[in-house]
Structures are given as C-alpha cells and as structure tokens.
Amino acid sequence: MFKLIKKDLQSQARLGVISTLHGEICTPAFMPVGTQGTVKGLMPETVRELGAQIILGNTYHLYLRPGHELIRRLGGLHRFMNWDGPILTDSGGFQVFSLGALRKITEEGVAFQSHIDGSRHLLTPESSIAIQEALGSDIVMCFDECTPFPADYDYAEQSLALTLRWAERSKAAKKDNGQALFGIVQGGVYPDLRKRSIEELVKIGFDGYALGGLSVGEPIEKMLDIVAEHAPLLPEQSPRYLMGVGTPQDLLNCVERGVDMFDCVIPTRCARNGLLFTNAGKIVIKNAIYREDDRPLDPDCDCYTCRHYSRAYLRHLYVAKEILAMVLNTIHNIRHYMMLMERIRTAIREDRFSALKRDYEERTCQNGGTRSQEEGD
RNA sequence: GGAGGGGUUCCCGAGUGGCCAAAGGGAGCAGACUGUAAAUCUGCCGGCUCAGCCUACGGAGGUUCGAACCCUCCCCCCUCCA
C-alpha cells in the first residue's frame, strides 16, 4: 500500500506513493481537514482542483451528526459528500483530548456527552472502527487517547499503555476489507515511552503509523525534537503521519525529519479568520494597510483568488463579513499548502529539498509563520 | 397653539449628586488560531510631561465641599392633540 520512491540524501525527507481504494496519494502530502463531511467553505471539485489528494473526516462528529448508519445507508461518506478521492477518518481520539470536560476515560472506552445536545455516548476501539467502516474511509485510524500536554510521566505511561491495548483491539475489530488501518504513537514528550509505543505498535502491525499527541500545546522545538528522534524509528516501508501539524514552516521541518503525511485545521480555520499564507510571509487581511492595496494576495500564487482579486477587495469582504471572504481565503490557503507540498515533492525528486526549504524560509521569514518567531508581549 | 419626551465620549445607548473618562453594543486598531464544540477567541479603544493632570455628558449661568446627574434661561430634535 505504500511505495517508497526516493530518500533525500541530506535529510530524512522521503518521496512515496500510498495506494488506497479511491486512488493514490503522492507523499509528502498535506490532507485538508473536512471534519463534518466538508472542507469548510469549499466544494469538493474545488478541493480537488487545488491539488488535494486526500481529505480528512471525523468519526466522532459524523457519528453524532448525521450518524454513521445514515451515511452507510446513503452509500458511504464518499458518495454522501461527493468526494471520490481518498478519505482518512480520525478515530475520535482527538476529541478525547479536545472535549476534555465532556468525557470520561475507562478501560472499555470513552464515555462522551455530546457537545451538541448533551446526550451520552460510549466510544470504544470497536465502535470507532465500526463507525469508520460504515463511513467507508480509505484510511482508518486506531482509537487512541491523545495525551494532553503537559502530562507527567506516570500519566503519559498509563495513557500510552491504554492506547496500546486499544490499538490491539482496533486491529482485532478491523475487517479485512481493503481499508487501511494506521496505529498511533503516543507517550507524551517522553522519549522512552514513545520508543516503546513504536515497538509495540510495530509488533501488532499496521498499514501506516501516526505520531500523535503532538501540537497540543508543547513548545515547537519540543515537537521537532520528538519528530526528529522518532519518525526515523518507524518502519521505513510504511507511511508516517504526523497528526495535527501544522504551519508551512512546521511542514518543511517535519518533512525534513522524515514525515510523509500531515493534516491540520490551520489553513482552513486561519483562512476563515483572515490569516493568509503567502510566499512572502503571512498576511492578516483585515489590517488597515490593505485598505487600498490593489495587488493580489500573493503574486506567486496561481489560485483563483490571487488571479482575480485584490487585497483591498479581500479585506473589504472580510471586514463586511461576507461569506465569499471565507471561500476565497480558504481557496488561497489550501492552494498555498498544496503548492508547497508539490514543490517539496519535486525538490526531493530533484535532490534539492534543502535548498527549497532554505528558500521558502528566507522568503517568508520577514514576518514569520504562525507562532514561530519570538513571542512579543 | 396645547400636551409630553429627549439632546451622553466616532455611532447607538445606559447612567440621574461623590465609587464616572462614564455600563453595554457597534465601529475602529492590533493579536491569536496546529488529528475543528472556532465564519471563533483575546487585547486596546479622549489627550498628556500618565500612581497625576487636562478636556469631555446641547449652550450660558447658578446651587453645592463636590454636578452628566439639582435649579434658571436659551438653542435644537421627536411624538401626540388642535
């Protein structure tokens, strides 16, 4: 299911292809997030045109609404949302983390109260897998506990142990139906725990491996250290997925450290909130300096937004709270991410990944990436 | 002509003797956002030589230790009746 095509000589960067039931994915790849069966603001055709090869869906959210059985009856998630490319579904493990106040973790699984209506539900490794099978995703994620940060060693160790037991149960529950199943590495920020996590997951055996429990509030340097140390420990012939990351700078840093797949809400959420990524750094489109700026967002971008609209118009739409602002901004940010990934893949193929990374950093450093530079006050 | 209501900081709008540079919205300015409870959230928002001072609650005057708040006159708006 994964074919490693090339390894960079100067870094851990890799070029590969993942085969799924709904097509191939060239890696390194960034997967736009479509939590509720839609990449917010975009039609599937647009998502595809922007260069996305695979998108995310979410077990917890689709289970609660509209319900996985309903989606199954209507032909599965692909048909339901009119996206015929690959879909990866997250298991609900992240909601164990993000909906902290509304859930209780037990050996059996996680008892949730719906954030929508307060109703009570139990999500287990078995039910999470069953839901993902009903949705019909191409890549199914094991149900895990996304360990929070900070977490002390004892908590991280117990959490990891639980996630490993759940991984075994997820594997056991998974039907042999062509859907891929990925294991998730946990262990907090503790190297020995993460190493153990990897060893145990590999023993169980998965189609791919994800680094989880990162980008949950730990310092970026910490995350990079962990990725640098642990991504190379994952099986070379399996895809490596860093969950929930990140900024363009994070993507470059983590490809360099051996990661093949990413997903993150940053490009879509930030687009809706008016933060746009360009080849000259980030732009906060609501800022007054763009009031009469007739230039495109990014002259080096080929997206629909940059080909047709000025910063002044985009600022106007945003300030006026027009729906089109979110659409155009999302188109741009996703295209920026996709273009970056395309350039990364080409650069690895042509043995110039390091040069590309350096070049991108130089172009954008003038006003930094999100959360990258020193925090002011 | 008669009866009543009202003029507050960029706008709307609370306040009705000291705790008021004055609630709350809006606008404006800036920041955040990392497996989406996010079209969300946060901060600033009269000026200055900034633990204080100055300028401000339609205008002018007055009462008071003290007034956006009480009194007098004036100006302007709105509603109803004729």
Side-chain angles (χ1 to χ4, degrees), chain A residues 30-41 55-62 64-65 88-103 112-118 128 139-147 149 182 184-186 210-220 223-224 227 241-251 253-254 259 261-277 282 284-291 317-330 333 337 367-373 375-377:
Chain A
F30 179 83
M31 309 182 278
V33 177
T35 304
Q36 308 205 69
T38 165
V39 176
K40 295 183 193 298
I55 60 174
L56 253 70
N58 184 279
T59 297
Y60 168 83
H61 289 279
L62 294 171
L64 282 185
R65 183 169 59 192
L88 179 150
T89 41
D90 187 27
S91 61
F94 183 71
Q95 280 64 44
V96 179
F97 160 78
S98 67
L99 298 174
L102 294 171
R103 90 316 193 236
F112 274 106
Q113 263 193 282
S114 162
H115 69 280
I116 301 167
D117 63 5
S128 175
I139 300 176
V140 170
M141 298 304 297
C142 283
F143 189 56
D144 67 328
E145 181 196 359
C146 180
T147 308
F149 178 88
F182 279 29
I184 303 176
V185 178
Q186 291 291 346
L211 296 176
L214 295 174
S215 66
V216 289
E218 79 284 0
I220 290 291
M223 177 187 88
L224 293 178
V227 172
Y241 165 27
L242 177 56
M243 307 184 82
V245 173
T247 62
Q249 182 67 63
D250 291 336
L251 302 186
N253 285 331
C254 295
V259 175
M261 302 164 69
F262 303 88
D263 81 280
C264 190
V265 303
I266 280 185
T268 43
R269 179 184 293 169
C270 286
R272 273 174 276 124
N273 293 330
L275 177 64
L276 301 162
F277 298 94
K282 63 183 182 181
V284 179
I285 198 61
K286 70 182 173 185
N287 284 178
I289 47 170
Y290 303 119
R291 195 193 307 270
L317 290 181
Y318 182 84
V319 168
K321 298 179 168 58
E322 281 294 337
I323 293 170
L324 188 58
M326 287 183 284
V327 175
L328 294 178
N329 289 348
T330 304
N333 270 359
Y337 268 61
N367 53 7
T370 306
R371 205 208 264 183
S372 54
Q373 309 306 321
E375 307 274 279
D377 54 355

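Values below: all heavy atoms of this structure, side chains included; hydrogens, waters and symmetry mates excluded. Throughout, a chain's letter reflects where its sequence line sits, starting with A, and its residues are numbered from 1.
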Inset, instruction - Ignoring backbone atoms, establish whether A/Asn287 has a side-chain N or O less than 4.0 Å from OP1 or OP2 of B/A30. - result: yes

Inset, instruction - Using the C1' atoms only, state how far B/U36 lies from B/G25, rounded to an integer number of Å. - result: 29 Å

Legend entry - B/A14 versus B/C70 - spacing of their P atoms, nearest Å: 16 Å

Legend entry - Complementary nucleotide of B/C19, counting Watson-Crick and G-U pairs under 3.5 Å: none

Legend entry - Residues A/Leu64, A/Phe112; criterion side-chain contact (heavy atoms from CB on, under 4.5 Å); working and verdict: CA-CA 11 Å; A/Leu64 282 185; A/Phe112 274 106; over 6 Å; no

Legend entry - P gap between B/A56 and B/C10, integer Å: 12 Å

Legend entry - Enclosure of A/Ile116 CD1 (heavy-atom neighbours >12, cutoff 6.0 Å): yes

Inset, instruction - Might you point out which heavy atoms bring A/Gly37 and A/Leu62 nearest each other, and give the distance in Å? - result: N-CD2, 3.9 Å

Legend entry - Side-chain N,O (A/Thr35) to OP1/OP2 (B/U36) below 4.0 Å: yes

Legend entry - P-based separation of B/A67 from B/U49 [nearest Å]: 28 Å

Legend entry - Euclidean distance, atom CD1 of residue A/Ile266 to atom P of B/A32 [Å, nearest integer]: 12 Å

Legend entry - Distance test, side-chain N/O of A/Arg269 to OP1/OP2 of B/U34, below 4.0 Å: yes

Inset, instruction - Starting at atom CG of A/Asp117, determine the distance to atom C1' of B/A37, rounded to an integer number of angstrom. - result: 12 Å

Legend entry - Polar pair under 3.5 Å, donor/acceptor by atom type, side chain A/Asn58, base B/G35: no

Legend entry - N/O (side chain, A/Gln95) to phosphate O (OP1/OP2, B/A37) under 4.0 Å: yes

Inset, instruction - Report the nucleotide, chosen from B/U36, B/G35, B/A37, that has the shortest atom-to-atom distance to any side-chain atom of A/Tyr241. - result: B/G35

Inset, instruction - Decide yes or no on side-chain contact (heavy atoms from CB on, under 4.5 Å) for A/Gln95 and A/His61, but give the supporting numbers first. - result: CA-CA 9 Å; A/Gln95 280 64 44; A/His61 289 279; 3.6 Å; yes

Inset, instruction - Check the distance between B/G35's P and A/Glu145's CD and give it to me in whole angstrom. - result: 17 Å

Inset, instruction - Name the pairing partner of B/G24, where a pair is Watson-Crick or G-U wobble with both distances under 3.5 Å, or state none. - result: B/C12

Legend entry - Nucleotide paired to B/U36 in any strand shown, Watson-Crick or G-U, under 3.5 Å: none

Inset, instruction - Would you please indicate yes or no on a ring centroid separation below 6.0 angstrom for A/Tyr60 and A/His115? - result: yes

Inset, instruction - Considering non-hydrogen atoms only, spot the tightest contact between A/Phe143 and A/Val96 and give its length. - result: CZ-CG2, 3.9 Å

Inset, instruction - Starting from the 5' end of RNA chain B, give me the residue, A/Gly92 or A/Arg272, whose nearest nucleotide shows up first. - result: A/Gly92

Inset, instruction - Provide, to the nearest angstrom, the distance between the CG atom belonging to A/Asp250 and the P atom belonging to B/U34. - result: 11 Å

Legend entry - Identified pairing partner of B/G43, criterion: Watson-Crick or G-U wobble below 3.5 Å: B/C29

Legend entry - Gap between atoms CZ and P, on A/Arg65 and B/U36 respectively (whole Å): 15 Å

Legend entry - Minimum-distance pair of heavy atoms, taken over all atoms of A/Ser91 and A/Ser128: O-OG, 2.9 Å

Inset, instruction - Among B/U36, B/G28, B/A37, find the nucleotide with the atom closest to the side chain of A/Arg291. - result: B/G28

Inset, instruction - Would you classify A/Ile184 as touching base, sugar-phosphate or nothing, given that sugar-phosphate means primed atoms plus P, OP1 and OP2, and contacts are heavy atoms under 4.0 Å? - result: base

Inset, instruction - Using the C1' atom as the reference point in each nucleotide, state the distance between B/C80 and B/C57 in Å, no decimals. - result: 29 Å

Inset, instruction - Using the side-chain contact (heavy atoms from CB on, under 4.5 Å) rule, take A/Asp263 and A/Met261 through it: C-alpha gap first, then chi angles, then the decisive distance, then the call. - result: CA-CA 7 Å; A/Asp263 81 280; A/Met261 302 164 69; over 6 Å; no

Inset, instruction - Would you give a per-nucleotide map of nucleotides 42-47 of chain B, 5' to 3', where B means the base has a protein non-hydrogen atom under 4.0 Å away, S means only the sugar-phosphate does, and - means neither? - result: ------

Legend entry - Separation of the P atoms in B/G61 and B/A68, to the nearest angstrom: 15 Å

Legend entry - Side-chain-base donor-acceptor pair under 3.5 Å for A/Thr268 and B/U36: yes

Legend entry - Nearest atoms (heavy-atom pairs only) where A/Met31 meets A/Tyr241: CE-CE1, 3.4 Å

Inset, instruction - Taking all heavy atoms of A/Tyr318 and all of A/Asn273, pick out the closest pair and write down the distance. - result: OH-O, 3.2 Å

Legend entry - Distance-only polar pair, side chains of A/Asn333 and A/Thr330, donor-acceptor under 3.5 Å: no

Legend entry - Below 4.0 Å: OP1/OP2 of B/G35 and any side-chain N or O of A/Ser91: no

Inset, instruction - Select base, sugar-phosphate, or nothing to describe what A/Gly213 touches, counting heavy atoms under 4.0 Å on all strands. - result: base

Inset, instruction - Would you mind classifying the nucleic acid contact of A/Asp90 as base, sugar-phosphate or nothing, using non-hydrogen atoms under 4.0 angstrom? - result: base

Inset, instruction - Identify whether any heavy atom of A/Gln186 sits under 4.0 Å from a base atom; if not, whether one sits that close to sugar-phosphate; answer base, sugar-phosphate or nothing. - result: base

Can you check nucleotides 24-27 of chain B for protein contacts, nitrogen or oxygen pairs under 3.5 Å, and list what you find?
none

Inset, instruction - Give A/Leu214 one of three labels, base, sugar-phosphate or nothing, depending on what nucleic acid heavy atoms sit under 4.0 Å from its own. - result: nothing

Inset, instruction - Round to the nearest Å and state the distance from A/Met326 atom CE to B/A39 atom P. - result: 8 Å

Legend entry - Side chain of A/Thr247 (C-beta onward), nearest among B/U34, B/U36, B/A32: B/U34

Legend entry - For B/C48, the Watson-Crick or wobble partner whose two distances fall under 3.5 Å: B/G52

Inset, instruction - Locate the shortest heavy-atom distance separating A/Ile55 from A/Val39; write the atom from each residue and the value. - result: CG2-CG2, 4.0 Å

Inset, instruction - Report the C-alpha distance between A/Asn58 and A/Phe94 in whole Å, list the side-chain angles of each, state the deciding distance to 0.1 Å, and finish with yes or no for side-chain contact (heavy atoms from CB on, under 4.5 Å). - result: CA-CA 10 Å; A/Asn58 184 279; A/Phe94 183 71; 5.6 Å; no

Inset, instruction - Calculate the interatomic distance between A/Ile285 atom CD1 and B/G28 atom C1'; express it in whole Å. - result: 17 Å

Inset, instruction - Please state the P separation for the pair B/C29 and B/C45 - nearest whole angstrom. - result: 16 Å

Inset, instruction - Could you tell me the separation between the CG atom of A/Leu276 and the P atom of B/A32, rounded to a whole number of Å? - result: 13 Å

Inset, instruction - Could you tell me whether the phosphate oxygens of B/A32, OP1 or OP2, come under 4.0 Å of any side-chain nitrogen or oxygen in A/Lys282? - result: yes

Inset, instruction - Would you mind pulling out the nucleotide paired to B/C80, Watson-Crick or G-U wobble, both distances under 3.5 Å? - result: B/G2

Inset, instruction - With C1' as the reference atom in both, quote the distance from B/G59 to B/U8 in angstrom, rounded to an integer. - result: 15 Å

Legend entry - Nucleotide nearest A/Val284 (side chain, heavy atoms from C-beta), chosen from B/U36, B/A30, B/G31: B/G31

